Amino acid sequence: MSSNNVPMKKIDQSTWEIPVSFKKGMRVPARLIVTPALKKGIEGGVIDQITNVATLPGIQKYAIALPDAHRGYGFPIGGVAAMDMEEGVISPGGVGFDINCGVRMLTTTLEERDVRPKIKELVEKLFQRVPAGVGVKLSHDNFLASISRSVFDAVLENGAQWCLENGYARDEDVRRIESQGKMLRADSSKVSDKAKSRGLRQLGTLGSGNHYLEIQVIKPGDIFDSEMGAKFGLTGPYQVTAMIHCGSRGMGHQVASDYLRTCLTAMRKYNLPIIDQELASVPITSREGEDYFAAMSCASNMAFANRQIITHNVRKVFSEVFHKDEEELGLNLIYDVAHNIAKIEEHNVDGQKKKLMVHRKGATRGFPPHHPEIPEEYKELGQPIILGGSMETSSYLLTGTQKAMEVSFGSTAHGAGRTMSRSRAKKQIRGDFLQRKMREKGIYVKGASMPGLAEEAGFAYKDIDEVVNALKISGIGHPIVRVTPLGNVKG
DNA sequence: ATGTTC
């Protein structure tokens, strides 16, 4: 199916709606939030998937595809679905395999002229200190490689707060992580031994695919709201920033695999129709639903801790390379967002406040100013939203809006979104050629694998500026700054 | 995304 011949009603200049009459079983309409240019690029698979999502029990208002949407496992990546807590279902496919994949952004006191001459040394040292690549584990000489299973259970239940108690975080870091880096319903007894075994030696590792650690610069003209930017510690053009993008590694992947199977079996018991096996889901209030949420929360906490430990090591490497104290270099956390997660939140539905299970898959929470879940220092600003772009283009910091609360359950895009499969990208460019081309352009990239690098070429992604344009037009994100890569450690 | 086909 192509998206061209799908009946869509234009709701406003950036919103199109597919009615419930489109597919048997749809309980709510599906909505696309896109610009005309992005709408043309939406794959038919996204339409199939988002209208499948609209059939799930308990879904509220509409199933949403964001401007970076592309085909995923069951649900599209760049999708939001909010379910009623009593009548609704929870779906592992609505979270994704990489549970709590997310991104965080740090400011520095350095400028481009300080970093350019040392970018090679910096990237090479970061590559040594932050293990990257498929299946990568910590080496045995790393203290964290030797933690016991019971300590790991504490990490799973306490997330980034474990990091704070154990010397891997500054006080303010934890405040500036979604959910303070700790999902409260995490219960490590709901995580299989196999999942724990896979995660035990992966705390502080980057992983592979589109995961990266990037050193960036603000180019002149790329600060869109300097007053708000200043409050996030953005001082002006040429300032250097850093981003860390990764998730819960093999541990989250195993939790997702375990519970997809559990849910599929349980669906027969609960007499739930199976429209697509990849959409396996169970009642939120069922034992299986509660267990999945508890295990997903553990994987989320592992990912928060993972990004925190990487941050700790990034600060150390910067200090060594620039021969300055960490504090002098700033390296302050702006914020850490989760973009593959399900959360219990309160939203307005038909004028009533309701608790919902909000699935965000390849979607970022973006709460407005004064929302109770925003750190005190950002109350007037709204929640920071971080959009990681491709390694060849740029990334963005935005803030959450009241409009997003009204139209997308306080959600917005998560990045550029792929336009082509990994295999297709690999056929079009070689990793070594891309690496050389990028270094000539002034982006010092170092990847764990050359084919892996080729899969992440800029042309394999949508135009992030256009994605941000869609967020601006629809009002579900307020742009603060664009950052351009200087160096990148690629998983 | 992922010990990339348990």
Side-chain angles (χ1 to χ4, degrees), chain A residues 45 49 68-79 91-103 131-140 145 191-203 205-213 244-262 264-265 277-278 280 295-296 298-300 302-304 306-307 310 337-342 359-364 388 390-391 414-427 431 447-456 460-461 489-491:
Chain A
Q49 293 188 326
D68 50 344
H70 57 107
R71 213 188 132 78
Y73 184 93
F75 281 57
I77 295 158
S91 175
V95 171
F97 275 91
D98 189 7
I99 295 168
N100 190 6
C101 183
V103 56
V134 180
V136 75
K137 286 187 186 306
L138 297 174
S139 58
H140 284 285
V191 176
S192 68
D193 284 341
K194 192 175 175 184
K196 289 179 190 175
S197 300
R198 288 181 70 174
L200 251 177
R201 282 180 53 207
Q202 295 190 317
L203 265 181
T205 63
L206 201 56
S208 65
N210 68 354
H211 290 164
Y212 60 75
L213 196 176
I244 296 161
H245 177 210
C246 62
S248 51
R249 306 293 330 282
M251 193 251 158
H253 191 275
Q254 191 62 46
V255 167
S257 303
D258 290 344
Y259 280 94
L260 273 164
R261 199 177 51 239
T262 305
L264 202 54
T265 310
Q277 295 219 345
E278 295 184 359
M296 184 217 69
C298 285
S300 298
M302 193 280 185
F304 284 135
N306 192 29
R307 292 195 287 275
I310 291 173
V337 299
H339 55 222
N340 278 7
I341 203 161
H359 297 71
R360 294 193 183 91
K361 180 182 190 181
T364 313
S390 83
M391 62 187 180
H414 84 305
R418 292 195 78 89
T419 54
M420 67 175 74
S421 68
R422 298 183 169 278
S423 53
R424 199 169 135 209
K426 260 188 299 206
K427 281 181 194 142
S449 102
M450 283 301 178
L453 199 65
E455 294 173 358
E456 294 300 317
Y461 283 87
V489 175
K490 198 79 201 167

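Worth saying up front: this structure is predicted, and the values here are computed from it rather than measured. Chain letters run A, B, ... following the sequence lines, proteins first, then strands; residues in each count from 1.
- From S449(A), atom OG reaches atom CD of E455(A) across 7.0 Å, with rounding to the nearest 0.5 Å.
- Residue contacts for E455(A): at a heavy-atom cut-off of 4.0 Å it reaches no nucleic acid atom on any strand shown.
- Among the atoms of the strands shown, none is found under 4.0 Å from any heavy atom of K361(A).
- Remark: R422(A) is not in phosphate contact with dT4(B), judged by side-chain N or O atoms under 4.0 Å from OP1 or OP2.
- Using a 4.0 Å heavy-atom criterion, one finds that G247(A) contacts no nucleic acid atom at all.
- Atoms NE2 and CG, from H211(A) and L206(A) in turn, are 7.5 Å apart once rounded to the nearest 0.5 Å.
- The distance from atom CD of Q254(A) to atom P of dT2(B) is 13 Å, rounded to the nearest whole Å.
- As a whole-Å value, the separation of Y73(A) OH from dT4(B) P is 16 Å.
- When rounded to the nearest whole Å, the span between CG of D258(A) and P of dT2(B) equals 16 Å.
- Whole-Å rounding puts the F97(A) CZ to dC6(B) C1' distance at 13 Å.
- The side chain of S257(A) contributes no N or O atom lying less than 4.0 Å from OP1 or OP2 of dC6(B).
- Distance alone, capped at 3.5 Å, places no donor-acceptor pair between the Q254(A) side chain and the A195(A) backbone.
- In this structure, G250(A) reaches the sugar-phosphate backbone alone: every heavy-atom distance under 4.0 Å involves primed, P, OP1 or OP2 atoms, never a base.
- The NE2-C1' distance, from H211(A) to dT4(B), rounds to 14 Å in whole Å.
- Between H339(A) and H245(A), the ring center distance clears the sub-6.0 Å criterion.
- Atom CD of E456(A) is separated from atom C1' of dT4(B) by 14 Å (rounded to the nearest Å).
- In this structure, the NE2 atom of H253(A) is 9 Å from the P atom of dT4(B), given to the nearest Å.
- Put simply, the side chain of D68(A) never gets that close to the backbone of G78(A): no donor and acceptor are under 3.5 Å apart.
- To the nearest angstrom, P of dT2(B) lies 16 Å from CG of L260(A).
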